[in-house]
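Quick note on labels: first sequence line is chain A, next is B, and so on, each numbered from 1.
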Amino acid sequence: MPLLPIPEPYDFAFSTERFRRFGPDLANLWHEGGLHRVVGRREVRIEAAPGGVLVEPLDDEIAAVVRKLLGLDFDLAAFESFAGGVDRNLAALVERFRGYRPAISPDPFETLVTSITAQQVSLASAFAIRSRMIERFGRRATHAYAFPTRGRLAVADPGELTAVGFSGRKAEYVVGLAGADLDYEALRLLPDEEVKARLVVIRGLGDWTADWFLARHLARPQAWPAGDLGLRKAVAAFYGDGPLPSIEEVRVIGTRFAPFQNLTAHYLLADLYLST
DNA sequence: ACCCAGGCATTGG
DNA sequence: CCAATGCATGGG
């Protein structure tokens, strides 16, 4: 069986929790103890194994996607030693969630559409609405679905999206984004601020969405979604003494975690979403 | 029957 | 520049 070795520390259960917690994600589907995703035309299954994960089938293209899904690009060892020197809160978190590698979303368009579905509404609502969209516009392999393509959503009628639960506005955002002239390859080479600048000129993509794109798709170490409600709550719990901190206050607090803001944000959120 | 949830664009001061 | 408003659904 094709074994992909994973560097320690690594905790498969923590690292895949987000695929289970808020309901099924048909494009990144938890099924019978493993994670399923369509790569190219094939459905890939990933499951835990001693010394790493089993991946079936496995080739170079699939390995690159699996690396992202499992968060292998993060330098967890460096983060752990960093966290120990920052403050007791963070040190305790990295110990409690030791081996948690945040999942990186492999596809840029999927990342942005997913964020649009999650704007303003609860994650449970977002998952439900997105599942119905994937069923309608995506292509099913065996268990998992290939996420709907730009081409398909670009020609969708906004009414088809409102039929699966999108607001009229969000339906326009998705169709507009699918048809937008946006060079995703070029984004990968740009500095964080320039990536954000290119995203927020597109209708429906604001600061929050752009920050999560940096964090969850490009895996930029210093991405810090200061406007995220969950992160604001987590910062309040660990570093505040009263009401929910403002976005600006959260942004300022983020600077103390440089250059590991992305991992720090995920570990703070883990307390909200990964706790049993 | 409310009320809030991992925002955003739009409108009006 | 900042405040107020509507949005659609799921879960408490």
Separation of [X] atom [atom1] from [N] atom [atom2], in whole Å?
X	N	atom1	atom2	answer
A/L231	B/dG7	CG	P	11 Å
A/L229	B/dC8	CG	P	12 Å
A/F166	C/dA8	CZ	P	12 Å
A/R130	C/dG10	CZ	C1'	15 Å
A/L161	C/dC7	CG	P	18 Å
A/W212	B/dC8	CH2	P	12 Å
A/K170	C/dG10	NZ	C1'	12 Å
A/L272	B/dA5	CG	C1'	12 Å

Requested in this report: For A/E95, look at atom CD and say whether over 12 heavy atoms of other residues, nucleotides or ligands are found less than 6.0 Å away.
Outcome: no
Under 4.0 angstrom between [X] side-chain N/O and [N] OP1 or OP2:
X	N	value
A/R132	C/dG10	yes
A/Q120	C/dC7	no
A/T162	C/dA8	no
A/R203	B/dT10	yes

Query raised in the report: Centroid-to-centroid, A/Y173 to A/F166, below 6.0 Å?
Result: no
Nucleotide of [options] approaching [X] most closely (side-chain heavy atoms):
X	options	value
A/A128	C/dA8, C/dG10, B/dA9	C/dG10
A/T209	C/dG11, B/dC8, C/dT9	B/dC8
A/S167	C/dG10, C/dC7, B/dG7	C/dC7

Query - Comparing A/S125 and A/R169 on DNA chain B - which has the more 5′ nearest nucleotide - result: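 Upstream on the strand: A/S125.
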Requested in this report: By nearest nucleotide on DNA chain B, pick out whichever of A/V121 and A/I202 is the more 5' one.
Outcome: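 Final value for this comparison: A/V121.
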Report summary line: Assert: residue with more 5' nearest nucleotide on DNA chain C, out of A/Q119 and A/A124, is A/Q119
**Report entry** C/dG11 to B/dC8 separation - P atoms, rounded to the nearest Å
**Finding:**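 So the two P atoms sit 23 Å from each other.
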Report task. Quote, to the nearest angstrom, the P distance that separates C/dA8 from B/dT11. Result ->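 These two P atoms come out 16 Å apart once rounded.
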Closest approach of [X] and [Y], non-hydrogen atoms and distance?
X	Y	answer
A/R101	A/F74	NH1-O, 2.9 Å
A/G204	A/Q119	O-NE2, 2.9 Å
A/A154	A/V175	O-CG1, 3.7 Å

